[in-house]
Number of protein chains: 2
Amino acid sequence: MSRKTTTVATKSRARKSPRRQVTAETAAKDRSQPQFAPIRTKRVFEEICEQVRREMATGSLRPGDKLPPERELATKLGVSRAAVREALRSLEIAGVVGLQKGARGGAFILKGDPDLVTQSIRDMFHLGRISLDNLTEARTLVMQLAIQLACERIRPTTIAALERNVDRLTTLPTTGKASERVAMSAEFYRLISQATDNTVLQMIIEALTEIVLQQVVQSNIEFFPNLIVHRRRLVEYIASGRIEDAKKEMTDHLQRLRRHLMRAERTATEGKSARTLTEETSH
Amino acid sequence: MSRKTTTVATKSRARKSPRRQVTAETAAKDRSQPQFAPIRTKRVFEEICEQVRREMATGSLRPGDKLPPERELATKLGVSRAAVREALRSLEIAGVVGLQKGARGGAFILKGDPDLVTQSIRDMFHLGRISLDNLTEARTLVMQLAIQLACERIRPTTIAALERNVDRLTTLPTTGKASERVAMSAEFYRLISQATDNTVLQMIIEALTEIVLQQVVQSNIEFFPNLIVHRRRLVEYIASGRIEDAKKEMTDHLQRLRRHLMRAERTATEGKSARTLTEETSH
DNA sequence: CGTTGTGCAATGGACAGACCATTGATGCAT
DNA sequence: ATGCATCAATGGTCTGTCCATTGCACAACG
């Protein structure tokens with residue numbers, strides 16, 4: 001037995017193997033305490049990530065700080081560089097660190113990327129964890145809050161920006177170029193969300209808006225003829241502090257959009273289900 | 001010409017090298033158009049991630065589906081296994097896929113993990129992108145929405161669960177065991193959020209609540225003596241459909257908590273700034 | 001003296017090949 | 001049937017190697 005284990009003990013891999021052995025051996029020796037520990041099968045890169053996150057939470061690592069180079073981290077932690085890379089990769093995906101090549105390069109702690117909130121919610125949506133119905137409803141509701149706050153806190157420059165936004169919308173053709181119109185809408189909502197002076201609401205609105213607008217593009221729903229009129233009225237209400245009117249204007253529009261999207265989704269799924277049906281019958 | 005390009009074309013690294021050459025060669029020959037394209041330097045694993053996400057968005061990959069084994073993917077895509085692993089790692093962190101060892105193992109498309117929304121927002125908070133003030137304000141506002149919906153949609157079983165939750169809270173000691181009380185609070189808010197029947201709101205509330213409650217634990221603020229009274233009253237309002245009363249009860253409590261947390265934060269940062277000051281003077 | 005280019009070292013990105021641990025299936029022995 | 005040993009598939013990890021990018025120091029040149 002275990003000629004294998006003893007030989008590997010001399011190798012650098014020794015760090016890992018003992019862990020698994022220990023659970024077995026202590027369970028045998030330490031009869032007084034059957035332990036049944038959760039059998040630490042955490043992957044090494046997870047351990048590394050946690051260490052970094054711990055340092056972050058305690059303030060030892062702050063945005064702008066630089067982590068040691070991959071090779072150095074690997075030797076320090078006694079793991080392979082590949083493991084370190086996977087850890088850095090996962091931290092990078094989480095938006096915690098950014099990697100830079102070249103001399104003076106390395107892994108730097110970032111300030112955090114609000115886009116990741118959007119990304120994670122978008123994944124939920126694409127994976128079917130979030131329904132279009134829930135999404136549009138939540139957006140309608142949250143925008144009510146935003147309008148409320150925006151009316152109270154908006155600054156003249158932002159109002160001017162909103163007006164410019166609507167003006168530019170009038171210059172766009174009403175057919176085709178859906179992506180451009182949608183980009184204008186995205187900015188419109190972004191301006192309102194920024195007026196709330198609350199970064200959390202901004203992130204939430206940014207996420208919901210982006211996902212919904214993407215659906216708008218894909219669903220090919222027609223351009224709302226009165227959209228410009230509604231927008232202009234909304235801006236006017238916000239500028240003059242008519243909170244309730246602004247709320248109603250916003251809610252009405254979003255609910256209208258919601259109905260349109262739901263109808264589009266229904267027809268789309270009907271088409272798809274019909275298609276998949278034929279596919280299934282064909283093979 | 002291009003003995004290099006033809007030779008490397010046989011190797012798997014061909015995807016990358018030609019790119020850089022082209023920019024140089026065409027710039028020399030094709031004088032009429034200096035092009036100077038942005039030189040696409042996307043990393044391999046990002047490309048892989050995008051491919052998977054594309055398949056997801058188009059519906060070719062659905063939750064439960066299994067991706068090919070790492071080795072097979074690597075050869076199919078003509079990249080190394082390490083690159084594939086980094087891609088899978090990033091998708092795993094994003095909660096899109098889950099990896100399972102052993103025979104019949106592999107990478108499976110998941111349904112999506114709402115916890116990742118929490119994680120990303122938590123990172124924003126820890127990295128200073130979100131202030132405690134904004135966080136608690138947003139939570140207060142969003143809970144208003146939740147109460148509104150909950151009053152309209154809650155079911156008797158959920159009301160009963162809320163009552164049980166408050167009952168259990170009375171059995172806990174009012175000192176120490178902050179983590180237990182906080183866990184009860186977390187469940188309390190989760191029940192309310194579930195009553196909204198809107199998964200998006202659920203996720204948002206889950207995230208904000210968890211982060212705030214963690215701050216509660218760390219800030220060592222004292223137990224609110226009237227908490228139980230407030231909770232019981234709130235449940236009563238919800239059960240009897242007194243929306244405005246319920247909203248006010250909730251808002252009042254959250255604003256009270258908000259003030260406490262802000263005060264705790266202020267004293268904490270004062271202490272910390274004093275400490276860092278001494279540290280800086282010492283070295 | 002300043003400018004420019006050139007080489008060098010540091011560092012992330014990627015690859016190849018190997019070995020181990022886990023897991024399920026398969027077949028053999030009891 | 002039951003249990004045990006073996007095997008193959010697959011993720012997890014390690015080692016070693018090479019390449020591309022980047023910044024810097026230093027030499028060459030005007």
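In the text below, chain A, chain B and the rest are named by the order of the sequence lines, each starting its count at 1.
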Above 12 or not: heavy atoms from other molecules or residues under 6.0 Å from CZ of B:R104?
-> no
Would one find a side-chain N or O of A:R81 under 4.0 angstrom from OP1 or OP2 of D:dT17?
-> no
Given atom CZ of B:R89 and atom C1' of D:dT10, what is their separation to the nearest angstrom?
-> 13 Å
Please answer whether the main-chain N or O of A:E206 pairs with a side-chain N or O of A:T209 as donor and acceptor at a distance below 3.5 Å.
-> no
Looking only at D:dC14, D:dT10, D:dC18, the nucleotide nearest the A:R71 side chain is D:dC18
Separation of C:dT11 atom P from A:K76 atom NZ, nearest Å, is 11 Å
Evaluation steps, salt bridge (charged side-chain N to carboxylate O under 4.0 Å, His left out), between A:R129 and A:D123 = CA-CA 8 Å; A:R129 194 74 173 230; A:D123 282 337; over 6 Å; no
With a 4.0 Å cut-off, would you call B:K42 and B:E50 a salt bridge?
-> yes
Under-4.0 Å salt bridge between A:E187 and A:R190 = no
Do the side-chain N or O atoms of A:R43 get closer than 4.0 angstrom to the phosphate oxygens (OP1, OP2) of D:dT13?
-> no
Interatomic distance, A:L99 CG vs D:dT21 P [rounded to whole Å] | 16 Å
Find the distance A:R85:CZ to D:dG12:P and express it as a whole number of Å.
-> 17 Å
Starting from the 5' end of DNA chain D, give me the residue, B:G102 or A:A103, whose nearest nucleotide shows up first.
-> B:G102
Closest-nucleotide ordering on DNA chain D, the 5'-leading residue of A:E86 and A:R104 = A:E86
Give the rounded distance in Å between these two atoms: CD of B:E72 and P of D:dA9.
-> 12 Å
Rounded to whole angstrom units, what separation is found between the CD atom of A:E70 and the C1' atom of D:dT21?
-> 14 Å
Roughly how many Å is it from CZ in B:F108 to C1' in C:dG24, rounded to a whole number?
-> 12 Å
Side chain of A:F45 only, please: which of C:dC19, C:dC15, D:dT13 is the nearest?
-> D:dT13
Over how many whole Å does the gap from B:K101 atom NZ to C:dC20 atom C1' extend?
-> 11 Å
